[in-house]
Structures are given as structure tokens and as C-alpha cells.
There are 2 protein chains.
Amino acid sequence: MAGRGVTIADVAARAGVAASTVSYVLSGKRSISPETADRVMAAVADLGYHPHAGARSLASRRAGVVAMMLPLRDGMHLPVLMQFASGAVTEARRHDQDVLLMTADEGPAGLARVAASAIVDGLILMDVEVRDPRVETLRRLGLPSVLIGFPADAEGLTCVDLDFEAAGRVCARYLVERGCGDIALLGASEAVYARRTGFAERVREGFLGQGAARAEVWPCPDDAVSVQRTVKELLTSKPELTGLAVHNEPAVGHVMHALADAGKRVGEDFHVVVIGPDEVAERTHPQLPSVLVPAETLAETAVRHLMRKLDGLEVPDSTLIEPQLTLR
Amino acid sequence: MAGRGVTIADVAARAGVAASTVSYVLSGKRSISPETADRVMAAVADLGYHPHAGARSLASRRAGVVAMMLPLRDGMHLPVLMQFASGAVTEARRHDQDVLLMTADEGPAGLARVAASAIVDGLILMDVEVRDPRVETLRRLGLPSVLIGFPADAEGLTCVDLDFEAAGRVCARYLVERGCGDIALLGASEAVYARRTGFAERVREGFLGQGAARAEVWPCPDDAVSVQRTVKELLTSKPELTGLAVHNEPAVGHVMHALADAGKRVGEDFHVVVIGPDEVAERTHPQLPSVLVPAETLAETAVRHLMRKLDGLEVPDSTLIEPQLTLR
DNA sequence: TCCGTCCGTCGAAGCGCTTCGATGATCAGG
DNA sequence: CCTGATCATCGAAGCGCTTCGACGGACGGA
């Protein structure tokens with residue numbers, strides 16, 4: 001029952017077979033008679049045997065670990081990141097893999113390090129930007145990988161992301177269906193738009209592309225005062241406005257209060273839809289419909305794709321996750 | 001410059017020395033002449049050599065990896081968790097260690113697995129509860145570890161946490177110094193109190209223990225409507241109340257609005273202090289003073305303690321991090 | 001000058017596993 | 001009854017590293 005220092009030889013001895021036989025039982029790479037297999041499995045359980053990870057990786061050239069590189073920039077949405085990380089770990093464990101956590105500030109050198117030391121079999125790169133210095137290194141290393149987000153040149157890479165354009169479209173459509181003629185998208189602060197053109201711009205395009213309403217996009221900082229001001233300006237400049245999509249998580253609460261101050265009754269003569277986590281949309285009064293960033297689904301998809309690549313199977317170069325609108 | 005498949009033998013050949021010499025140069029475990037060392041280091045750089053992690057761990061019985069087990073329960077404060085995780089990774093890298101991410105739902109069996117497979121040298125357990133089933137396993141395995149939080153029986157374990165009692169005291173003192181005679185602590189929802197008695201109760205004790213004011217503690221859910229109601233009831237039941245500490249991150253915004261509705265002018269005739277992350281306290285109007293949960297400091301301390309234990313050095317059984325009040 | 005030290009380096013053993021080729025045993029076909 | 005194929009299992013050879021003991025050369029003391 002213990003487990004400290006139990007080797008495959010101990011298991012083999014107890015089951016009365018050769019070490020290689022134990023290995024084959026455990027890996028299933030050669031056929032073994034059921035009786036022998038049972039004896040081996042019993043010995044494994046009795047002794048609490050777990051193969052030594054280092055020895056295994058040395059002999060089999062497979063570490064059983066994948067790396068996940070998370071961004072650490074300011075303004076990253078921490079809860080989503082965390083959901084992502086835990087989703088990835090959960091899915092990886094289903095495939096009997098562990099997850100090594102890295103931060104983006106290790107940069108390309110970090111990728112080179114983990115690749116050369118064979119400490120991981122593959123990696124997942126989160127929050128890839130349009131011009132990302134890690135992408136070139138990644139391509140050169142030839143380490144199996146999956147990216148969350150789309151770099152400018154995705155040639156030969158496996159990328160996964162939320163279909164942000166569809167998300168924008170879904171929000172616009174929701175508002176139009178509620179009878180809104182003038183609608184607006186309240187986005188993130190200018191800084192975010194400047195950095196990740198891909199991501200924020202695709203929402204904008206989807207939102208504007210839904211031609212049935214007069215639509216505008218307004219960037220917006222996320223502190224209480226700025227939100228108040230932005231909403232006031234918005235309502236002044238578009239007095240006919242009756243529908244608003246908010247793609248700025250921390251601002252949502254402030255937006256609701258600003259609308260209340262302006263005499264808008266949300267859910268009656270005015271409609272609001274959120275792009276963001278459930279908690280945010282649930283915590284307002286009234287609760288709001290929302291399109292969430294499906295962090296867990298993204299993580300699972302990414303891990304699953306990576307596993308397939310490790311097994312030498314095909315995966316699509318590009319995968320877009322459909323946004324889901326939750327009514328409340 | 002490449003790196004794929006470069007072994008210590010390649011480095012040795014290029015430097016014209018034996019493999020063992022390269023090993024000693026890299027580890028510093030035997031004295032090597034400066035000239036030889038230089039030649040070796042040059043060869044390492046030229047070839048982009050990184051030792052094979054598996055081989056190293058097999059031969060040296062040191063994996064160079066520590067595990068971090070994160071809770072995944074509902075109601076966990078995700079951003080803080082994330083800060084913690086990234087802080088731990090950053091600090092671990094300074095010690096040339098990597099971090100393996102595990103989730104608490106692997107439970108005791110997960111601990112046994114990583115211990116037996118020697119995939120990590122030690123581990124950090126986050127968010128340990130008063131009665132935590134992992135603690136007993138941990139003790140039995142004898143794997144070097146550091147806990148964040150205090151279990152009921154901490155005998156022989158290394159624990160690190162914020163000094164929550166001091167945090168409560170600091171908040172009460174802040175309010176008293178502003179001249180408040182009646183003060184209250186608005187805490188988390190009942191569920192949180194029920195689960196982690198240690199953590200929430202220590203804040204309460206610190207808050208109440210500061211005898212200079214009439215103090216009360218009110219639990220509070222975190223949706224807009226409940227907060228409104230709770231604040232209203234609180235103000236009704238204690239009409240003389242002029243000071244409030246809020247230990248409930250998502251509720252802060254709603255509290256501010258409820259106070260405004262009740263005609264309280266925060267910062268003038270009424271004082272509010274927050275226990276929680278900076279962003280929350282900065283985003284309100286006016287900005288609020290706050291005591292933050294110093295996730296990064298906690299993570300760094302935990303990792304540092306673990307490194308010392310791995311090196312066979314002494315560490316204190318129990319470390320309480322002083323809360324820091326930020327005025328705004 | 002000779003001996004004992006110490007320093008820098010080498011070679012070999014071994015960490016625990018996977019995997020390849022070999023070896024009996026079993027069985028069907030002629 | 002013998003041959004060739006098939007199946008279950010074994011033994012040995014590494015995987016790339018660390019570490020131990022050994023060894024030659026330089027150097028200081030007698």
C-alpha cells in the first residue's frame with residue numbers, strides 16, 4: 001500500500017513474471033494472457049505502483065506532460081484564464097497527462113528550453129497575439145502545439161478560438177429581434193483594441209455586419225466615472241438608442257446604474273446583452289442575457305487537439321467555437 | 001543553435017572532455033579548472049544544450065518540478081487564484097524549477113500518484129480547509145510540502161497564510177480612527193462561513209476584538225438584490241452606523257450604490273474599507289481604502305519555503321503574512 | 001630527491017523503464 | 001508425426017544523466 005520506491009521489478013517479482021511483461025501489461029503493446037495480466041494488475045494495486053516518470057520518459061521518449069503557457073499581461077481577464085487553466089488540467093488528466101504551467105514572460109527561450117529538455121511532449125499557447133514572437137520559435141522547434149487565438153500567419157499551425165465575429169453578430173441579432181433600431185456596442189478600453197486587433201475587431205465586424213439596425217461601436221474604460229460619462233455621451237449622441245451590447249466585463253455593473261440614472265428601464269424599453277462570463281450577467285438586476293467566452297470548451301478542445309497530434313492523428317488547422325447566447 | 005537531441009556526450013565531444021566533466025561543470029559539484037569550464041560552457045551555448053529532464057531526474061532523484069494543487073470549488077475567487085499561480089511559477093523559475101498544475105479534485109490519490117511517480121519533488125497545497133482529507137495523506141507520504149491555509153491539526157506541517165485576524169483588526173482600527181462609533185463587517189455569504197471556518201472566522205474575531213467601537217458582523221450574499229436588502233436592513237437596525245468593512249469582493253459595487261441610495265456620502269459622513277483585490281477598491285467612486293489578499297507574496301513565500309525544505313534547510317512551521325492597508 | 005597531498009579529470013556503474021529480438025510452447029495443416 | 005505459424009513471455013540492450021572511485025600530475029615538506 002505504501003508506494004515509496006516501488007519499481008517495476010518489485011511488481012514483476014510479486015507477480016512472478018519478467019519486468020518487460022509488466023510493462024506490456026501496463027501499456028497494452030503486446031498481447032498478454034488474461035491470467036498473467038490479472039496477476040500483474042493485482043501486484044500493481046497491492047504495491048501501489050506508479051511508474052517512475054523520469055525513467056519512463058527517458059526510455060519511451062514520451063514525458064506524459066504538456067506545457068501550458070499563460071499570458072501575464074495587465075488587463076488580462078484573470079477569471080477566464082483560471083477557468084481555462086483548470087479546464088485544460090481536467091481534460092489532460094482524462095488522457096493521463098499532466099500539465100506544466102509556464103508564463104509568457106519566459107518567451108521563446110522558454111519554449112526552446114522545454115523542447116530541448118524533453119520535459120513536455122507538446123504545448124498549448126494561450127492568448128496568442130496577431131504578431132507573436134513565440135510563433136516563429138514554435139514553428140522552428142517543431143514541437144506539437146495548439147494555439148488559442150490566431151496569429152497573422154497561422155500557416156501550418158493548429159489554432160482554436162471563440163468565433164468572435166459570430167459573437168458580435170449574435171448580440172446584434174438579439175437586440176434587433178427585440179425591436180431595437182439603433183444599437184451600440186460598448187467595448188473594452190482603447191488599449192485592448194490597440195493590442196489584440198484580431199480579437200476585438202472581429203466582434204466589432206460581426207456586430208456592425210448585422211445590417212438590420214443602425215449600429216455603432218464605442219470603446220470604453222472600465223472605472224465607474226468613465227463608464228458613467230461614456231454612457232451619458234452615448235445616450236446624448238444617439239437619443240433613439242434602445243439596445244446595447246457590452247463587451248467589457250468590469251464595466252457592466254456601472255453601465256446598469258448609468259442606464260437607471262438616465263431613466264432607462266432595462267428589459268422593458270431598453271435592452272442590454274453582455275459578452276462575458278455568466279457571473280457578471282447574473283449578478284445585475286435584472287439579470288442580463290449574455291454570450292460567454294467558453295473558456296472550458298476552448299481548453300478542452302485545445303487539449304484534445306494536442307492529444308491527437310501527439311498520437312500522430314490529423315486535426316483541423318483552424319477551429320472556431322460557436323458562441324452561445326444565454327437568455328435570462 | 002538547434003537543440004533537438006543534443007546530449008551531454010555531444011557537448012563533451014565538442015569541448016574535448018568527458019561527459020562527467022560536463023556534468024560537474026554544470027552542477028558545480030566538483031572543482032573544475034576555469035579553462036575547461038569555459039570550453040564546456042561555450043560548447044553548451046553553441047549546441048543549445050539542455051539536459052534531458054527525464055534522464056536527470058532518473059539519475060539524480062530530483063525532478064526539478066514542484067506541483068501546485070489548486071481548489072476548483074465554486075465560489076473560489078478565481079482572480080486571486082490566478083495571481084497565486086502565476087506568482088508561484090515566477091518564483092519557482094527563479095530557483096530553476098518548473099510547476100506542475102493539479103486540481104484539488106484529484107484528491108489524496110493524486111498526491112499519491114505524483115509522489116510515487118517521482119514526477120515532482122514537492123508540492124504546494126492551496127486553500128487548505130480546516131478538515132482537509134489531503135492532509136493525512138500528505139503526512140503519510142512524507143513528500144516535502146507547503147500549505148496555504150491552516151488545517152485543524154497542523155502538527156509537523158509547513159503552513160503559510162494571510163493573517164486574517166490582523167486584517168479584521170486593521171479594518172476596525174481604520175474605521176475607529178475615522179471617528180466611527182458604530183461599525184459593521186459585511187462578510188461573505190453564509191456558505192463560505194460554513195465551509196472554511198478558519199478563514200472567515202479569523203477576520204470576524206479580529207474585527208470584533210478591536211474593542212474601541214460597537215461592532216457587528218453580517219454575512220451577505222453577492223447578487224445586487226440581496227446586497228441592497230442587506231445594507232438596508234443593516235442601516236435600519238443600526239441607525240448610528242458610520243463605518244463599514246466589506247469582505248465580499250463582488251458585492252462592493254452594489255454596497256456603494258445602496259449606500260448612495262440611502263443618502264450616505266462615503267468618504268465624508270460615512271466610511272468604507274474593503275478586504276479584497278486592488279482592482280475592486282479602485283473601480284468604485286470614490287475609490288476605497290483596502291486590505292488586499294497578497295496572493296503574490298503568499299505564493300512567493302510558499303515557494304521559497306518549499307525550496308528550502310528541498311535543500312534540507314529549516315523553515316518555520318507557521319508563517320502569517322501581515323495585511324497591508326492601502327489608503328486611497 | 002622522494003613521498004604524501006591535493007587537484008582536475010576520466011571511466012564505469014547504475015537510476016527504472018521500454019522495446020527489440022529470441023525462445024519455448026501450442027496448434028493447425030499436410 | 002513433422003513443419004511452419006502464432007502466441008505469450010523473457011532477457012538484454014539501451015535511453016541520457018549523475019556520481020563514485022580511481023588515477024596521473026603538480027606541488028610542498030622533509
* Structure fact -> Of D:dC20, C:dT18, C:dC15, the nucleotide closest to the side chain of A:S60 is C:dT18
* To do: May I ask you to list the residues of residues 9-26 of chain B, by number, that have any heavy atom positioned under 4.0 Å from an atom of DNA chain D?
  => B:S20, B:S23, B:Y24
* Flag the pair B:E91 and B:R304 as a salt bridge only when some basic side-chain nitrogen lies within less than 4.0 angstrom of an acidic carboxylate oxygen. => yes
* To do: Calculate the interatomic distance between B:H50 atom NE2 and D:dC17 atom P; express it in whole Å.
  => 12 Å
* Could you give the distance from CG (B:D121) to CG (B:L100), rounded to the nearest 0.5 Å? -> 11.0 Å
* Asked: Does a side chain donor of either B:S20 or B:S23 reach within less than 3.5 Å of an acceptor in the other side chain?
  -> no
* Please report, rounded to the nearest Å, how far the C1' atom of C:dC15 is from the CD1 atom of A:I8. => 14 Å
* Asked: Are the charged groups of B:D153 and B:R139 less than 4.0 angstrom apart, N to O?
  -> yes
* To do: Starting at atom NE2 of A:H52, determine the distance to atom P of C:dG14, rounded to an integer number of angstrom.
  => 17 Å
* Distance check: side-chain N/O of A:R61 vs OP1/OP2 of C:dC17, anything under 4.0 Å? -> no
* Structure fact -> B:I119 CD1 to C:dG16 P, in whole Å, measures 17 Å
* Distance-only donor-acceptor test (3.5 Å): side chain A:R56, base D:dG16 -> no
* Does the side chain to side chain contact (heavy atoms under 4.5 Å, CB included) test come out yes or no for B:D132 and B:L147, once each step is laid out? -> CA-CA 11 Å; B:D132 200 307; B:L147 316 195; over 6 Å; no
* Please check the phosphate of C:dT9 (OP1 and OP2 only) for any side-chain N or O of B:S33 closer than 4.0 Å. => yes
* To the nearest Å, how far apart are A:I32 CD1 and C:dT19 P? -> 13 Å
* Asked: Could you give the CG-to-C1' distance, from A:L58 to D:dT18, as a whole number of Å?
  -> 12 Å
* How long is the line joining CZ of A:R39 and C1' of D:dA8, in whole Å? -> 12 Å
* A:R30 side chain: which of D:dT18, C:dG21, C:dG16 is closest? -> C:dG21
* Structure fact -> Taken to the nearest whole Å, NZ/A:K29 to P/C:dT19 is 4 Å
* Asked: Using a distance-only test with no angle check, is there a side-chain donor-acceptor pair under 3.5 angstrom linking B:H52 and B:T7?
  -> no
* After noting the C-alpha distance and the side-chain angles of A:R113 and B:D96, does the key distance pass the salt bridge (Lys or Arg N to Asp or Glu O under 4.0 Å) rule? -> CA-CA 11 Å; A:R113 177 178 70 85; B:D96 246 295; 5.9 Å; no
